[in-house]
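Just so it is clear, the structure is predicted and the values come from calculations on it, not from any experiment. For ligands, and for the atoms within them, numbers begin at 1 and follow the listed sequence.
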Amino acid sequence: MAPQVTCLTQLAEENSLHQKFIRDEDERPKVAYDQFSDDIPLISLAGIGESSSERAEICRKIVAACEEWGIFQVVDHGIDSKLIEDMTRLAREFFALPAEEKLRFDMSGGKKGGFIVSSHLQGEAVQDWREIVTYFSYPVKARDYSRWPDKPAGWRVVTEAYSEQLMGLGCKLLEILSEAMGLEKDALSKACLEMDQKVVVNFYPKCPQPNLTLGLKRHTDPGTITLLLQDQVGGLQATRDGGKTWITVQPVEGAFVVNLGDHGHYLSNGRFKNADHQAVVNSNLSRLSIATFQNPAPNAIVYPLKTREGETAVMEEAITYMEMYKRKMSRDLELARLKKLAKENKEEELEKPKLKSCNALQQLLA
Ligand SMILES: O=C(O)CCC(=O)C(=O)O
Ligand SMILES: [Fe+2]
């Protein structure tokens, strides 16, 4: 039997956008996908290993970027370029598979890992214009290979190697941030207990009406640090003024975009920003990005590791990461609910005068 779910790749062929992807006006893209900005710092990690003045300079740049944006790009990061190439190629091949192949790994119904068409926040009607395939790669003992795609050939070998190298890079960056906070090198990693890693491969097909929708709704990542590999199309956007102005991050060949999540933000007592970001789409080209989330273990404690002189803690109480995540989700849901309510009320208000004039018309005609 033909699958019930239509993949976005199929919807992309239509002339107009399906209603379920249409965002409210205030959420729609304000800046074009290819109107690039180089405001986000681009930092070379060459020389990071040495205990030299070079390392100190790199650390200074990273810390400044985290304080200002919570997001930066790194090159000379030591991740094997052949691995990046293979990972990108396999990811593209996965999304090019027929819908029924991808849907063999359908994640709906609460499965941990697999494929999903047009993700959306629970309880929210509008969907994102993206397909994803995701797998949980750390801790190793928790890997459920039955939820990892078995096609295209080579997926498992390449993704495992990719995960391992990215775990290394993530930890290296956390060492720098720990030192910057005046703590032991391994303080942030230790605070994660056994670090989790989740990889989400995002595929954004060409979109018939990209100005009405988003590839991925505005959000902050919940975890400690995220390493994003993006192709050269462009679409990742960041804001540092609560969404008033946006910039499109300039894609840089072979670079990783690094951003801090909520956990990193809280542990630094708000000193390092949790980057507010989103992804926009376009009608010319499909786009691929691979997000590697370095997260704490579910039972890790979320609380500032250190408060600087004169600072009070940004959190009232210490909670587990699981609890932090639950609270974030219910806050997002509540916001979506209130927004929907406000919209309905507004529509009702708009209906009233119409109704009045309608009554008046009837009286006139009577
Ligand atoms: O695709 C992108 O540029 C952004 C992806 C992202 O923010 C995410 O997966 O959390
Ligand atoms: Fe994100």
> Going by the order shown, which atoms of ligand 1 are within less than 4.0 Å of some heavy atom of Ser289?
1 (O), 2 (C)
> If you count the atoms of ligand 1 from 1 in the order shown, which ones are under 4.0 Å from a heavy atom of Phe293?
8 (C), 9 (O), 10 (O)
> State the atom name: nearest N, O or S atom of Asp221 to the Fe ion (ligand 2).
OD1
> At a 4.0 Å threshold, what atoms of ligand 1 neighbour a non-hydrogen atom of Leu236?
3 (O), 4 (C)
> For Val257, which part has a heavy atom under 4.0 Å from ligand 1: side chain, backbone, both, or neither?
neither
> Decide whether Gln35 and Thr248 meet the rule of one side-chain donor and one side-chain acceptor closer than 3.5 Å.
no
> Identify, by atom number and element, the atoms of ligand 1 in contact range of Ala291, meaning under 4.0 Å from any of its heavy atoms.
9 (O)
> Ligand 1 versus Thr226, non-hydrogen atoms closer than 4.0 Å: side chain, backbone, both, neither?
neither
> Pull out every atom of ligand 1 sitting under 4.0 Å from any heavy atom of Asp221, numbered as shown with elements.
10 (O)
> Please list the nearest protein heavy atom to atom 9 (O) of ligand 1 with its residue and the distance rounded to 0.1 Å.
Asn202 ND2, 3.3 Å
> Heavy-atom distances under 4.0 Å decide this one: backbone, side chain, both or neither, for His277 against ligand 1?
side chain
> About how many Å separate NZ of Lys185 and CG of Leu177, when rounded to the nearest 0.5 Å?
13.5 Å
> Have Gln197 and Ser163 got a donor and an acceptor in their side chains that come within less than 3.5 Å?
yes
> Please work out the angle at the Fe ion (ligand 2) defined by atom NE2 of His219 on one side and atom NE2 of His277 on the other, rounded to 10°.
90°
> Within this structure, what is the CG-OG distance for the pair Leu17 and Ser283, rounded to the nearest 0.5 Å?
11.5 Å
> Which residue owns the protein heavy atom closest to atom 8 (C) of ligand 1, what's the atom, and how far is it?
Leu216 CD2, 3.5 Å
> Does the pair Glu57/Arg60 count as a salt bridge with the N-to-O cut at 4.0 Å?
yes
> Taking non-hydrogen atoms only, is Arg287 closer than 4.0 angstrom to ligand 1 via side chain, backbone, both or neither?
side chain
> Hey, what do you get for SG (Cys207) to CZ (Arg130), rounding to the nearest 0.5 Å?
14.5 Å
> Can you confirm whether Lys217 sits close enough to Glu27 that some side-chain heavy atom of one is under 4.5 Å from a side-chain heavy atom of the other?
yes
> Less than 4.0 Å between a side-chain N and a carboxylate O, is that true for Glu93 and Arg89?
yes
> Taking distance alone, with N or O pairs closer than 3.5 Å, would you say Gln230 contacts ligand 1?
no
> Which atoms of ligand 1 are found less than 4.0 Å from any heavy atom of Tyr204?
1 (O), 2 (C), 4 (C), 5 (C)
> Whether the Asn299 and Thr320 side chains hold a donor-acceptor pair (N or O, under 3.5 Å, no angle test) is what I'd like checked.
no
> Regarding Ser330 and Asp332, is there a side-chain donor-to-acceptor distance under 3.5 Å anywhere?
no
